[in-house]
Structure formats: C-alpha cells, structure tokens
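One structure, as structure tokens, below. Some questions next.
In this text the structure is predicted, and so the values were computed from the model without any measurement.
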Amino acid sequence: MRPIPQALTLADVLAEELSEPRTAWDAAPPGGRAWPQSLAGGAAGIALFHIERAHCGRGEWDTVHTWLASAAHGDLTAAANAGLYMGAPALAFAMNAAAGDTSRYQGALKKLDDATITVTHRRLAHAHARIESGEAPAMKEFDVIRGLAGLGAYHLRRHPDHPVTADVLSYLVRLTEPRPQEHGLPAWWTSVAPNGEPSPDYPGGHGNFGMAHGISAVLALLSLSLLNGPTVPHTREGVERICAWTDRWLQHDATGPWWPGFITPDQARRDHVDPALRPRPSWCYGIAGTARAQQLAGMALGDATRQQTAEYAMLTTLQDPEQLDLLPETGLCHGTAGLLQAAWRMASDATTGALAAELPHLTDRLTQQITHLKQRDPELLDGTAGSALALHTLGTNTHPRSGWDTFLLLA
C-alpha cells in the first residue's frame, strides 16, 4: 500500500484547528460531550491525535502537553463509571500512548496505572460474582467502551505480562463458557436492550455482535492475545466458542457476507434474521468492527477460510455504493473514518491486495465529507480528531506509533 498525500494534507489542516483547547471547544456545536477525562468526547481523546503526530515528527510535544493538562484538569473518576473511555483509565491510555518507550509522564502514569488496576480488580470481582450467581451479564460488564474488554485492551498494551492482564483474559474466557440454564443461548447473552438498559421491548434481552458493546470486542481481544501473547489457559477454546456462535448467524445477501448487529430471543427461536436488519457498515455494530474481529480470529486460529470470509465481507462492502451511503457521518464510531481505519488494518493483514486497492476511493469519500461539513465537532469518537487520525494513518501508511486504534480493538 502507498501513502495517500492528500489525506495527510487534510490531517495537517485539522491539526491546526485542534491545536488549542479553548479554540477547539469554541468551534464545537452546542450540546456536545466535552468532559475533559473522556476518551470519546473530551480532551483525553483529542490528545491522542496530537500524540500520534508528535511521535511521527509532524506535531509538537508542547501541544500534546497542553491537551493532556486539559484532560487532567479537575478530579478524575475511578468509580463504577470509570473505563477505557472515561476517567482514570482513559487518561492512563492517552498518557501511555504519549510515553511510549521514554521516561515521559512516568510519574503521573504510575498513579493512573494504579487507579486503573484497582478499577479493573473491582470490576473483575463483580463479574465473577455475577457468573457464580447464574445471572445474565450486562453489556457494560464486558464491552470495550464501559467494560472489561476495554480495560483489558489497556492492560494488554500497557503491561502484557502483568497479573491483571492475565486476570482479565481469564475472565473473558470464562465469559464464553456455556451455562446450562441458557437453553442454547450463549453465556454472554444479556438481559437488557441494545441501549444497555432494561426495556419491556426486549423482555428476553438480546445477543450483541457489535465491537462497541458486543462479543466482537471479546473476540478481538482474545484473538490479539493469541497472536501476540500472552495467553491464558483455554483462550483458543474461548475464541472458538465465539466463532461457532457468529458462524451460526453469518448472513449472505446480494452484496456479500455480513453479521447482525444483535439478535432477539424470537430471532434465535426462529433461527432467522430479517435481511432488513443488516447494520450499516460502522465500527460500532457493522462490518468495520465485526469483520476485523473475524479476521483477527482467523489469523489467531490459523483458519484461512474465516480470514478470507472476513476480508471478502469488507471488500464487497467497500465496493457497494449503497452500503457506503449508509455512513453519511465522518466519525470513528458511526461514520466513514471507522470504516476506513478498519479497512486499512484489514488490508495490512489481508491475503490479497484487493482491499488495499479500495482505500484511495474511501479516503477521498471521507475527505469530501469532512470538507463539506458546516460545523465540525472536535471529539475523537465521532468528530474531527478521530477522522483526522484515520486520515493521518492513510496519509503516512505506517502502523500508528502511539497504538491509538487499540481503543477500537482494531489492533
């Protein structure tokens, strides 16, 4: 794959827009979620963009420090709502990305790391107690945004050989172990609606396939541990159990293969998913997340057919204008930037060059979307910072030195 210069040019322009916190927030649309300690919407997330640029020599460490100082302003939460995307773990992720192999930020990072380990142990204790009770899990127990897959992603990158990393991986393997009372439903079947809350519209809960809130995050993290280490006992079996369930629900239409975003008990009983329920190809619920998780699993298991199916699912999506039109937004979570970053990661590992050939067209699409926006939200997850990071990746065609897309479990 070759770098795409125009992508890097636009990323540089967006970096200037995001150079100073006050200016960036003043330009943001009203009603945003600019909590400083939020990776999704606050200064902690925007700092990641400047961190990656500084590592590549295209940005200044003074700018990084300004954004990290803004993120650390005020009391950081290490309470029940803390996770990879919020609070001490979010700032720990950003500071670890900035530190790299240097002594930079080590004092603050040690305190944040200790807080994140404490949060993780507390969450693990609750999760194991829930399993012992026989209750169904909530998505926030195991997902990447609020749960232990996200905390595990941090620990796997920060200190893969630390005992807490093995503890998280062991829990995720245990999460996949069948429970007799589930009547054929997987052990990660939740008792809540897709928004994470109990709802009379979902009396039997649902099974979630997505990367943001579903089992694809667990599949991706366990697969990454198999690929890169460390592993815990029965990791392979855990990956295989998840794959067996996702294989059962793999769908095919005129475009190509796809996986649902979620299924209900009624769909499970009827063994049928309405074709109209194909999710848009976003990172959070669609092909951008599910196909990358499947590709990682195929690589981890040495399953060439699985890997090729995942890559074909992404390829046919990228070649279908109707699917691309379902992403009018630009961001990493719901928009084109997430699809682009996932496609680039998949192309980097692909068995053929077909995916790489589609990247310039998708990059042009994102560039046009951004330049036609009347007002740009600066945030990472659905705004300018995330889009700019994807453009930076395509513009340099180098694996992110900060490891920023770890928070998406794409790598």
Salt-bridged, R241 to E237, with N to O below 4.0 Å? no
Has the side chain of T367 got a donor or acceptor atom that lies under 3.5 Å from a matching backbone atom of T363? yes
Mind checking side chain to side chain donor-acceptor pair (under 3.5 Å) for W404 and listing every partner two or more places apart, or none if nothing turns up? none
May I ask you to test the E379-T384 pair for a side-chain heavy-atom distance under 4.5 Å?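 E379 vs T384: side chains apart.
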For the side chain of T63 and the backbone of G59, is there at least one donor-acceptor N/O pair under 3.5 Å apart? no
For L326 and R280, which heavy atoms make the closest approach, and how far apart are they?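 Heavy atoms only, the tightest pair is O-CD, 3.6 Å.
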With sequence neighbours excluded, tell me which residues meet salt bridge (Lys or Arg N to Asp or Glu O under 4.0 Å) with E358. none
Do the side-chain N and O atoms of Q341 and T393 include a donor-acceptor pair separated by under 3.5 angstrom? yes
Heavy atoms, side chains only, cut-off 4.5 Å: are L84 and V144 in contact?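 Side chain of L84 against side chain of V144, heavy atoms only: contact under 4.5 Å found.
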Would one find more than 12 heavy atoms of other residues, nucleotides or ligands at under 6.0 Å from atom CD of Q375? yes
Parallel under 30°, tilted from 30 to 60°, perpendicular over 60°: which one fits the rings of F49 and H392? perpendicular
Would you say that F407 contacts L380 through its side chain, given a criterion of any heavy-atom pair below 4.5 Å between the two side chains? yes
Any heavy-atom pair between the side chains of Y171 and H128 that's under 4.5 Å?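 Result yes, sub-4.5 Å side-chain heavy-atom pair found.
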With a 4.5 Å limit on heavy-atom distance, are the side chains of T23 and D26 in contact? no
Look only at the side chain of S38 and the backbone of W35, and say whether a donor-acceptor pair between them is shorter than 3.5 Å.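 Here the side-chain-to-backbone pair does not exist.
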Grab the two heavy atoms, one from A94 and one from A44, that are nearest each other, plus how far apart they are.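 Minimum heavy-atom contact is CB-O, 3.8 Å.
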Would you say the side chains of T66 and E20 form a donor-acceptor pair under 3.5 Å? no
Which pair of heavy atoms, one from T317 and one from R278, lies closest together, and at what distance?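 Nearest heavy atoms, T317 then R278: OG1-NH2, 3.4 Å.
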Does a donor on one side chain sit under 3.5 Å from an acceptor on the other, for Q294 and T309? no
Which residue pairs pass the salt bridge (Lys or Arg N to Asp or Glu O under 4.0 Å) test when at least one of the two sits in residues 336-353, sequence neighbours left out? R292-D349, R345-D405
Side chains of D161 and T165: do they bring a donor and an acceptor to under 3.5 Å?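 Judged by distance alone, the side chains do not pair up.
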Test side chain to side chain donor-acceptor pair (under 3.5 Å) applied to E177 - qualifying residues, sequence neighbours left out: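 None.
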Using the side chain to side chain contact (heavy atoms under 4.5 Å, CB included) rule, take T352 and Y312 through it: C-alpha gap first, then chi angles, then the decisive distance, then the call. CA-CA 10 Å; T352 74; Y312 184 63; over 6 Å; no
W189-N208 side chain donor-acceptor pair, cut-off 3.5 Å: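 No, N208 and W189 have no side-chain donor paired with an acceptor closer than 3.5 Å.
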With a 3.5 Å distance limit and no angle check, can you tell me whether Q267 reaches the backbone of T264 through a side-chain donor-acceptor pair?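 At least one qualifying donor-acceptor pair exists.
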Measure from NZ or CZ of R53 to the centre of the six-membered ring of W61, then state whether that distance is under 6.0 Å and the direction lies within 45° of the axis. no
For S225, the side chain to side chain donor-acceptor pair (under 3.5 Å) test, sequence neighbours excluded, returns none
Do you know the tightest heavy-atom contact between G205 and P265?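 It is O-CD, 3.3 Å.
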Pairs in or reaching into residues 59-83: which pass salt bridge (Lys or Arg N to Asp or Glu O under 4.0 Å), with residues at least two apart or in two chains?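 Sorted pair list comes back empty.
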My understanding is that only one of W188, W245, Y285 makes a ring pair (Phe, Tyr, Trp, His ring centres under 6.0 Å) with F209; could you say which?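 Running ring pair (Phe, Tyr, Trp, His ring centres under 6.0 Å) over W188, W245, Y285 with F209 returns exactly one hit, W245.
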Across all chains, not counting sequence neighbours, the side chain to side chain contact (heavy atoms under 4.5 Å, CB included) partners of A297 are L219, S223, V239, C243, R306
Not counting sequence neighbours, which residues clear side chain to side chain contact (heavy atoms under 4.5 Å, CB included) with N228? List them please. L224
Can you tell if the side chain of L277 reaches within under 4.5 Å of the side chain of D274, non-hydrogen atoms only? yes
Of L394, L355, L359, which is the lone residue that meets side-chain contact (heavy atoms from CB on, under 4.5 Å) with M1?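 One option only clears the test, and that one is L359.
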Can you confirm whether P194 sits close enough to H206 that some side-chain heavy atom of one is under 4.5 Å from a side-chain heavy atom of the other? yes
Over all atoms of both residues, closest heavy-atom pair of I51 and S402: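 I51 and S402 have their closest heavy atoms at CG2-CB, 3.9 Å.
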Donor-acceptor pair, side chain of S387 and main chain of T330, under 3.5 angstrom: yes
Using 4.0 Å as the upper bound for N to carboxylate O, is an ion pair formed by E52 and R401?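 Here R401 does not pair with E52 in a salt bridge, since their nearest N and O are not under 4.0 Å apart.
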All heavy atoms of A98 vs all of V64, minimum pair found to be CB-CG1, 4.4 Å
Are R123 and D167 within salt-bridge range, i.e. N to O under 4.0 Å?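 The answer is no: the pair does not qualify as a salt bridge.
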Salt bridge flag under 4.0 Å for residues K110 and D114: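 Result for this pair is yes, salt bridge flagged.
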Tell me whether H65 at atom NE2 has more than 12 heavy atoms from other residues, nucleotides or ligands lying less than 6.0 Å away. no
With sequence neighbours excluded, residues passing side chain to side chain contact (heavy atoms under 4.5 Å, CB included) with T398: T396
Are there over 12 heavy-atom neighbours, none belonging to H234, within less than 6.0 Å of that residue's NE2? no
Can I get a per-line list of side-chain donor-acceptor pairs under 3.5 Å for residues 147-155, giving both atom names and the distance, sequence neighbours left out?
residue : atom : partner : partner atom : Å
Y154    : OH   : D113    : OD1          : 2.7
H155    : ND1  : H159    : NE2          : 2.9
H155    : NE2  : T120    : OG1          : 2.8

Show your reasoning for whether side-chain hydrogen bond (donor to acceptor under 3.5 Å, both in side chains) applies to N81 and T77. CA-CA 8 Å; N81 65 333; T77 182; 3.0 Å; yes
Side-chain (H55) to main-chain (A97) donor-acceptor, under 3.5 angstrom: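 A pair under 3.5 Å: yes.
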Quick one: side chain to side chain donor-acceptor pair (under 3.5 Å) partners of E197, sequence neighbours excluded?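 Once residues adjacent in sequence are excluded, E197 has no partner under the side chain to side chain donor-acceptor pair (under 3.5 Å) criterion.
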Are any of the side-chain heavy atoms of W258 and W249 separated by less than 4.5 Å? no
Can you name the residues that form a side chain to side chain contact (heavy atoms under 4.5 Å, CB included) with E17, not counting sequence neighbours?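 With neighbours one apart ignored, the set is L14, R376.
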